[in-house]
Each structure stands twice: as C-alpha cells, then as structure tokens.
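Since the structure comes first, as structure tokens, the remarks are kept for the end.
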Amino acid sequence: MKTAKHKTTVGVIDTDVLAYTAGRDVELDRNLITADCVGTAAHVTMLARMPEKCRVLSTADAKKVITTLVTILKQARAGKFKITLDDQDVHLAVERHLTAQLGDLGKKVHTCRSRNDQVAVDLRLFAKEELLSVLAEIASLSGVLSDFARRHATIPMVGRTHMQPAMPSSVGLWADAHAAALLDDAALVLAAYQLNDQCPLGAAASYGVPLPIDRQLVSDLLGFSHPVGNVLHAINSRGKLESVILGALTHVMLSLSRLAQDLMLFTMPEFGYFELPAAFCTGSSIMPQKKNPDVLELVRSRAARVTACQTAVLDIVRSAPSGYNRDLQDAKEPFMEGLAMTRATLRILTPLIADMEINADALVTAFSADVFATDHALELVAGGMPFRDAYHHVKAHLDELENMDPFTAVTKKTHLGAPAGLDFDATTARIVAIAELVSAERAEFHAALSKLLGIAWPLNR
Ligand code: ARG
C-alpha cells in the first residue's frame, strides 16, 4: 500500500503515523514555547562553558542563540510563532527556527540534549509558574472566605449533620471552615511545587551523555532548587509528577465542590440563607423568572473532571516501564486541562464569594427548638446530671423543648475553633504566608530568567 510521506526535521514519516504520534502536541505545546526557549537558553549557556576540548559553542554563539530565542518569545507572545505538524512538537519547531536564523549554529543547539529531557524541563518550568498562580489564587479565595467569615462571625446558622438540623452554628464557622480546607490543600500544592522544583535537564534520552555537561549550572540558571539527582529518575518522574500535582489539584477541587454544593443548598429559595450575586447566575430560555446557579453546578462537574485527569495520568504511568516512553506524551493533555480547570474555578469563585449577601432573618428563623436539644442536655449536665441521664431526659420531653436565642447559643461556644472561638488572625496569617511565599518564589524565578535572557522578565509587564 502506498502512503503519503511527510518530511520532518528528523526524517521522513508516513503522514498518518505522524498525525497519530504527534497527537495534540502541535496545539498543546503552544503552552510550552516560553519554557522551551528558556530551557534552551540555559542549555546553550552551559554548552558555551564546557571544557575547551569538547566545547561546541562559544560565549558569543550562545549570546546569538539567546537573542534569537528572545525573538521567538516575543513572536509567541504576539501569537505569531507557529508549530506545524512537520515540526511534531515545540522542540523541533524552535530548533527549525533557530537553524533558519542561525544556520549551523542552530544545528548545534541539540548537542547533549534529547527531546525527552527537554520536554521534562519544559513541563516543570510551565508547572512552576502555574503552581505559583494556583497558590496565589488559593490565597485570594481563602482571603474572601475569611473576610466573609469575619463579617458574619456572629450570625447564627443552623449546623447540620446528615443534612438535618443538628446544633447551633454560625455563618463565620461555615465560611472559615471552607477557608481552612483550602489552606490545607495549599500545603499539598506546595509539596507538589517542591517536588517539581528540580531540574531534569542533562538526562538526555534517559541515561545522560558521555561529555562533562554541568547539570548544576543549568539548574541554577533556570532558578530550580537543584538538579534531579539521577538522570533515569529525571525521565521516569515525568507523569508521576503530573499526577502528584493533579492529586493536589483534585483536593482543591474537592474543597471547591463542597463549597459549591453548600452554596446551591443555602441559596435555594426554601433556605434563602445566602443570595448569589446576580452576575453569577444564568437565566432560562423558557422560564423568564429563572436565576440558576450554573457556575456552581459546573464547579461540581469540573471537580469530577480534574479527578478524571489525575486518573488518566495515573493509568498512563502505571503501565510505563523505566526510561522514556511515548505514552508519557499523552499525560500532557489531562495535566494542562486539570491545571486550567482548577485555576478557572478558583478565579470564578473569588468574586462570587466576595459579592455574596446573607439573609440574616432567614438564617435566624430557620432555628427550631430541636436544634437546641443538645445545648439543653448540657445545661442539665452543668447542674450536675450525668450526660446520659440528661440526654434521655431531653429526649423524653422533646415536644416541650424551649427555643433559645440563637445569638446567645452561638456566643456560648467559646472554645478553640468553635463559632465564638475562631482564630481569624491565625487564618489570615496562613493566607499571608502563602501570598508571601508566592511573591518570593516568583521574584527569585523571574530574576533568574531575566539574568539568563538578558532582558526584563516576564515580558511586557
Ligand atoms: N512530544 C514528545 C513528548 O511529549 C517529546 C519527546 C519525544 N521523544 C521521543 N523519543 N519520541 O513526549
């Protein structure tokens, strides 16, 4: 059978095979152009500093390559850098461009490097920037949740278990709990960030190269905390790292899905505790009166999708043996999708919470006498009755139960972490610590890239 052939930088390939193997790389790798150029800049800087007998580039050559890389970065910023199917991926697109501009010098750039370690460093550089944004977005959303908690700290709210009325609680406790969940998730994201912050370059195909490259230098130039200590592990950690990151994001999304679920319940007209800002509701094409919480419903489904992204990556990794395997390329799409969905969800919920109103009357009238049953039993305990006797006494007289003032009931819960014992300042301190960490890490990373590229970084700011 005669089939169409395609000429690529690395040989002639059947057109269908090319399309199948490139998969969605031609589009997805647009997210990696910046990282690919930056990684290449560090690589050539290192090549120019190799021992003289094996040096393939001079310092002036490295400068020329970097200048051309900066042009690519600017073109990419303007949406003008194209990755074609013939390129297969961003790595060969950048090499094609460098060779077109610089001739033989462009052809030397791939010395001591493989696309395998190149894509690994690209993904880590991409993830570094993304995870800092995730952390910043978590800080913003937990910030508005914590503000909401402070603003409505003393407003009573029926606490529920099994979704049934349980005990007196407060709007402050509810909102602060959601902030606390996100702050715990941030610790997972940070752990993923730290694992990610290691430089895989120099692994080449998976086993290193027979020339004295300086992996520490490349790692320092790129602002990584250190190089991955084992080159085979540097390649094997691809996919696993993405799934660790997606695992942390799955937890962020679980927290957000619960928040969305609560909000849908508490904004139902039958509850009416909170009112969603009109701008975050959508109408119906047939029912003129509708104000639907579509945003919150999609938060719920996106949480399912981020979990699915992690599952996809886990399953890809599960069957991959040591060394580079092309399967790993397919982890790219769920990885990028999971990051994008989590970030978009954090961003949409922040103004929604910031602008959400409460209906104090509805919150207070929702209290029925039975919500105070346990408080009554504990009053009897304070008078000396053993708890189990008090429990049975209240249970036997449930229809005579007296209503208490919900405001007073809430103020009585003063122990640590209870409605009247919340340490809002501690929550704020955790949020500030995340925001400060993000600023410091970003500043250090961007300073390294500015120095490497010889321009102000990030571009156009
Ligand atoms: N696009 C490829 C990926 O994402 C780059 C590495 C290709 N390496 C190879 N040996 N075919 O994995």
Side-chain angles (χ1 to χ4, degrees), residues 5-40 42-43 72 76 81-99 109-128 130 196 199-209 218 228 231-246 309 312-340:
K5 301 283 183 202
H6 243 78
K7 193 171 176 302
T8 73
T9 317
V10 287
V12 176
I13 186 170
D14 181 281
T15 306
D16 292 340
V17 174
L18 173 61
Y20 191 78
T21 52
R24 291 200 56 210
D25 263 17
V26 171
E27 307 143 62
L28 297 174
D29 277 15
R30 284 206 286 255
N31 292 324
L32 301 178
I33 300 173
T34 303
D36 206 73
C37 291
V38 166
T40 301
H43 181 65
I72 298 179
F81 184 78
K82 297 274 174 284
I83 303 170
T84 67
L85 184 59
D86 291 353
D87 294 323
Q88 304 184 36
D89 51 36
V90 64
H91 323 299
L92 292 177
V94 171
E95 185 175 322
R96 170 175 58 78
H97 191 98
L98 290 175
T99 305
V109 164
H110 209 55
T111 313
C112 296
R113 189 176 70 170
S114 155
R115 279 185 293 163
N116 303 350
D117 60 341
Q118 204 178 347
V119 63
V121 81
D122 288 7
L123 287 166
R124 283 176 187 253
L125 289 167
F126 168 77
K128 186 162 179 170
E130 287 287 308
N196 181 69
C199 186
L201 263 188
S206 301
Y207 301 98
V209 291
V218 173
V228 180
V231 288
L232 179 56
H233 177 58
I235 299 299
N236 286 349
S237 59
R238 181 162 176 214
K240 234 173 105 78
L241 185 61
E242 286 94 307
S243 77
V244 166
I245 292 171
L246 287 167
C309 289
V313 176
L314 285 171
D315 269 2
I316 288 169
V317 175
R318 188 163 48 85
S319 43
S322 271
Y324 177 81
N325 296 275
R326 192 69 178 264
D327 320 32
L328 296 173
Q329 176 178 292
D330 268 352
K332 203 182 279 176
E333 185 173 349
F335 178 53
M336 290 179 174
E337 189 176 76
L339 270 166

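Whatever order the structure lists ligands and atoms in, that order sets their numbers, starting from 1. One is the number of the first residue; the rest follow in order along the sequence.
Among protein heavy atoms, the minimum distance from atom 8 (N) of ligand 1 is reached at N116 OD1, 2.9 Å. In terms of protein heavy-atom proximity, atom 12 (O) of ligand 1 is nearest to Y324 OH, 2.4 Å. Given atom 5 (C) of ligand 1, the protein heavy atom at minimum distance is D89 OD2, 3.7 Å.
Here K332 has side-chain heavy atoms under 4.0 Å from ligand 1, and that is the only part of it that gets that close. Only the side chain of R326 comes within 4.0 Å of ligand 1, counting heavy atoms alone; its backbone N, CA, C and O stay farther away.
When all heavy atoms of L246 and P334 are compared, the closest pair comes out as CD2-O, 4.0 Å. The heavy-atom pair separating R30 from I83 by the smallest distance is N-CD1, 3.8 Å. Nearest heavy atom pair, residue K82 against residue R96, reads O-NH2, 3.3 Å. A204 approaches N116 most closely through the heavy-atom pair O-CB, 3.7 Å. Shown here for T40 and L98, the closest heavy-atom pair between the two residues is CG2-CD1, 4.3 Å. Closest non-hydrogen pair, N236 versus S322, comes out as ND2-OG, 3.3 Å.
Heavy-atom contacts of D25 reach the following atoms of ligand 1: 1 (N), 2 (C), 4 (O) (cutoff under 4.0 Å). Close contacts of ligand 1 with Q329, meaning ligand atoms under 4.0 Å from a residue heavy atom, involve 1 (N), 2 (C), 3 (C), 4 (O), 12 (O). Interface atoms of ligand 1 facing R238, defined by a heavy-atom separation under 4.0 Å, are 3 (C), 4 (O), 12 (O). Close contacts between ligand 1 and V119 involve ligand atoms 4 (O) [criterion: under 4.0 Å to a heavy atom].
Here the CG-CG distance, from L125 to L201, works out to 8.0 Å after rounding to the nearest 0.5 Å.
Backbone and side-chain nitrogen or oxygen atoms of H91 are examined, and none is located within less than 3.5 angstrom of a nitrogen or oxygen of ligand 1.
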